[in-house]
2 protein chains.
Amino acid sequence: MSLPHAILTALLEKPSSGLELTRRFDKSIGFFWSATHQQIYRELARLEDAELIRAVPQPPSRGQRKEYEVLPDGRAELRRWVAAGQDPRPVRDPLMVRVRAASVVGTEGLAAELHRHLGLHRAQLEEYRAIEERDFPVEGAADEDRLLHGVLRAGIAQESFWVGWLAQMLDELPPEEGE
Amino acid sequence: MSLPHAILTALLEKPSSGLELTRRFDKSIGFFWSATHQQIYRELARLEDAELIRAVPQPPSRGQRKEYEVLPDGRAELRRWVAAGQDPRPVRDPLMVRVRAASVVGTEGLAAELHRHLGLHRAQLEEYRAIEERDFPVEGAADEDRLLHGVLRAGIAQESFWVGWLAQMLDELPPEEGE
DNA sequence: GCGCGTTTTGCACGCAGTTGCATAATCGTC
DNA sequence: GACGATTATGCAACTGCGTGCAAAACGCGC
């Protein structure tokens, strides 16, 4: 259950409304924990219920912005969670299943799909690299920055791996018609 | 929705009962698409309903082994699925969320958790390497084998990445008491 | 100041996956 | 041949997440 804690983190970085959060997720935390706006609204309501966050006083009504901020209990809960243990979640990679299936029923149509993924991962890699240049231009920063940079480096390494792996697989794959 | 196709693949490699499937999942396909026995039983029932697989004739009763095999329609469906497109699922990595949270509320307790993960990934890497030595001792095999070896190489690369990344993060992290 | 699109929040439903428990057959042991 | 442990299948309830849709406020144009 990481979503509530991802939201607490985002709100500590900057108090926001549901929609703002959704947008910030799309280009930072969401790289590692994606969430739709409904998930976020639901979770904000739960966190407010649990009194870990609160909406800054405003006339509450539907369709009206509600700005949330983290309460002391929320910060404490996040601190507790950072130290808590949690096993890595089991891997679930449809592409690997697909390749395995192809080894049984034939590789027809597989190359195109690998190609498409290659493009997607290349694009993501570019995006990460751009963020790195923008946010971490020099080495030797503060502890806080080193952690954030570390997370970004993980993303870059993962995407680099996929780009390399997909290229190699496409190389080894018997060519298809219409390529 | 990869589970039914993972099961079809496994059944094509070798007709099996539900429990056998569960066990084979735990040490092959399950590395990339884990599943519990309940998921597998439910999915087998659905696949049988859809007439993609069938139970080889036996006195059907509870607690009695039911061996399943893939029907022609099932093989066709799997072939169709291999060529189908599917976007990579959004990443969901609790550990990255945790590190990011730590950059806001402090790293207390984080090192221990990173250390634990390092151990787990090291162990998984060992397991993959053992499988590689056992199943793919030499290069230049058949197409089918090259695909399977490719999937395994992906697993090895991922685990290697984690081991390296975690070691570096632990290196950079300020040391804690009681380490 | 009225209509209309946009922004922001939210509900309802369904599916995939997990956990806990139940039930039936089988096998070993004394 | 009775008992308990193990094997094998399955049901029920719950949770997290995704999709589709609705509803309230706001902003803009005329």
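Any value given below was found using the heavy atoms of this structure, including those in side chains, with hydrogens, waters and symmetry copies removed. Just so it is clear: chains get the letters A, B, ... in the order the sequence lines come, proteins before strands, and each one is counted from 1.
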### Summary
Excluding A:Met1, membership of its hydrophobic cluster (Ile, Leu, Val, Met, Phe, Trp, Tyr; side-chain heavy atoms within less than 4.5 Å) reads none
### salt bridge (Lys or Arg N to Asp or Glu O under 4.0 Å) partners for B:Arg100, two or more places apart
A:Glu13
### Query
In residues 37-46 of chain A, what residues come within less than 4.0 Å of DNA chain C, judged by heavy atoms?
A:His37, A:Gln38, A:Tyr41
### Query
Tell me, which of residues 16-32 of chain A have any heavy atom that sits under 4.0 Å from an atom in DNA chain C?
A:Ser17, A:Gly18, A:Leu19, A:Arg23
### Residues within residues 74-89 of chain A bordering DNA chain D, heavy-atom distance below 4.0 Å
none
Please identify each residue that fulfils side-chain hydrogen bond (donor to acceptor under 3.5 Å, both in side chains) with [X], with sequence neighbours left out.
X        : value
B:Gln168 : A:Arg153, B:Glu172
A:Arg92  : B:Ser34
A:Asp87  : B:Arg116
B:Glu51  : none

### Query
With sequence neighbours excluded, what pairs up with A:Leu71 under the side chain to side chain contact (heavy atoms under 4.5 Å, CB included) test?
A:Arg54
### Task
With sequence neighbours left out, write down each residue that passes side chain to side chain contact (heavy atoms under 4.5 Å, CB included) with B:Gln158, or none if nothing qualifies.
A:Gln158, A:Phe161, A:Trp162
Please list every donor-acceptor pair under 3.5 Å in which a side-chain atom of residues 14-23 of chain B meets a protein atom from a residue at least two apart or in another chain.
residue, atom, partner, partner atom, Å
B:Lys14, NZ, B:Glu20, OE1, 3.3
B:Ser16, OG, B:Lys14, O, 2.8
B:Ser16, OG, B:Arg24, NH1, 2.7
B:Ser17, OG, B:Glu20, N, 3.4
B:Ser17, OG, B:Arg65, NH1, 3.3
B:Glu20, OE2, B:Arg65, NH1, 3.3
B:Glu20, OE2, B:Arg65, NH2, 2.8
B:Thr22, OG1, B:Gly18, O, 2.9

